[in-house]
Participant: 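Can you read through this structure? Questions will come right after.
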Amino acid sequence: KGSYNDKFDQNNAGACKPCPTYSNSEEAATSASECKCDAGYFAAILPLKDEFGVYNGEPDCQPCPIPGSACTHEGITIKTLPLDKNYWRLSERSIDLRPCSTNKAGDSACQGGGGEIRADGNVSYCINGTDGPLCSLCTNLDYYLVSVGVRVSVSVSVSVSVSVSV
């Protein structure tokens with residue numbers, strides 16, 4: 001545990017290589033990519049796949065951004081970085097975690113967690129009906145966000161009157 005052996009047909013202790021700092025592995029690991037970051041750390045750079053579809057490279061384990069993230073278990077990557085409630089990030093590749101404005105009850109449109117996959121394939125960290133930076137925009141263009149749980153409908157009516165005198 002805590003090491004890997006990437007040499008074929010070598011089972012002596014000298015063939016084992018240690019996992020990178022702040023990471024660990026299961027027994028019988030055969031690649032550095034099997035090393036997972038410890039709790040409190042995340043893999044900032046993901047290992048790449050080679051031409052055979054096998055992950056190569058070791059994780060670059062960095063301390064989880066505090067405040068804003070909850071790295072309570074091992075194996076977290078930049079893509080799976082769980083956010084604290086009321087925090088937002090631009091994408092699953094960003095470590096720039098931003099606090100969201102909250103209402104009097106302490107709630108915000110930023111749901112935290114691992115985000116949800118939207119229909120377009122991108123990850124959203126916003127509650128349903130909101131989007132954009134810090135989840136400050138309504139997805140329905142007929143509404144605008146006053147505060148969490150308070151959406152106001154915008155209704156525009158135009159009337160034209162024409163009078164003709166003869």
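Values reported hereafter were calculated over all heavy atoms of this structure, with side chains retained and with hydrogens, waters and symmetry mates removed.
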Participant: Kindly write out the residues that satisfy side chain to side chain donor-acceptor pair (under 3.5 Å) with T30, not counting sequence neighbours, or none if the list is empty.
Facilitator: E34

Participant: Measuring from atom CD1 of I76 to atom SG of C37, what distance do you get when rounded to the nearest 0.5 angstrom?
Facilitator: 9.0 Å

Participant: Return the set of residues passing side chain to side chain contact (heavy atoms under 4.5 Å, CB included) with Y22 (not counting sequence neighbours), or none when no residue passes.
Facilitator: D38, Y41, C61

Participant: Write down the atom of L97, the atom of P65, and the distance for their closest heavy-atom approach.
Facilitator: CD1-CB, 3.7 Å

Participant: My understanding is that only residues two or more places apart in sequence, or in another chain, count here; which of them pass side chain to side chain contact (heavy atoms under 4.5 Å, CB included) with A70?
Facilitator: D84

Participant: Does any non-hydrogen side-chain atom of S108 lie less than 4.5 Å from one of S101?
Facilitator: no

Participant: With sequence neighbours excluded, what pairs up with S3 under the side chain to side chain contact (heavy atoms under 4.5 Å, CB included) test?
Facilitator: C16

Participant: Please list all pairs meeting ring-ring contact (aromatic ring centres under 6.0 Å, His included) that have one or both residues in residues 70-97, counting only residues at least two apart or in different chains.
Facilitator: none

Participant: When you compare the side chain of I95 with that of I78, does any pair of heavy atoms fall below 4.5 Å?
Facilitator: yes

Participant: Rounded to the nearest 0.5 Å, what's the gap from NZ on K17 to OG on S31? Could you check?
Facilitator: 10.0 Å

Participant: Going by the rule side chain to side chain donor-acceptor pair (under 3.5 Å), which residues pair with N24 if we only count those two or more places apart in sequence or in a different chain?
Facilitator: none

Participant: Test of understanding: with salt bridge (charged side-chain N to carboxylate O under 4.0 Å, His left out), list the residues that count as partners of K7, not counting sequence neighbours.
Facilitator: none

Participant: Mind checking what makes side chain to side chain contact (heavy atoms under 4.5 Å, CB included) contact with I66, not counting sequence neighbours?
Facilitator: S69

Participant: So which pairs with a foot in residues 109-119 pass salt bridge (charged side-chain N to carboxylate O under 4.0 Å, His left out), sequence neighbours left out?
Facilitator: R118-D120, R118-D131

Participant: The criterion is side chain to side chain donor-acceptor pair (under 3.5 Å); which residues satisfy it with Q62, sequence neighbours excluded?
Facilitator: D60

Participant: Output the distance between atom CZ (R89) and atom CG (L83), rounded to the nearest 0.5 Å.
Facilitator: 5.5 Å

Participant: Using distance alone, with no hydrogens and no angle criterion, decide if T80 and T77 have a side-chain donor and acceptor under 3.5 Å apart.
Facilitator: yes

Participant: Counting neighbours of CD1 on I117 that are heavy atoms of other residues, nucleotides or ligands and sit closer than 6.0 Å, is the number greater than 12?
Facilitator: yes

Participant: Does the distance from C110 SG to C135 SG come in under 2.5 Å?
Facilitator: no

Participant: Considering all heavy atoms of both residues, which atom of C126 and which atom of G132 are nearest to each other, and what is their separation?
Facilitator: SG-O, 4.1 Å

Participant: Is the backbone of A28 close enough, under 3.5 Å, to the side chain of N5 for a donor and an acceptor to pair up by distance?
Facilitator: no

Participant: OG of S94 to OH of Y125: how many Å apart, nearest 0.5 Å?
Facilitator: 8.5 Å

Participant: For Q111, what residues pass the side chain to side chain donor-acceptor pair (under 3.5 Å) criterion, not counting sequence neighbours?
Facilitator: none

Participant: Rounded at 0.5 Å granularity, tell me how far NZ in K79 sits from CG in L81.
Facilitator: 13.0 Å

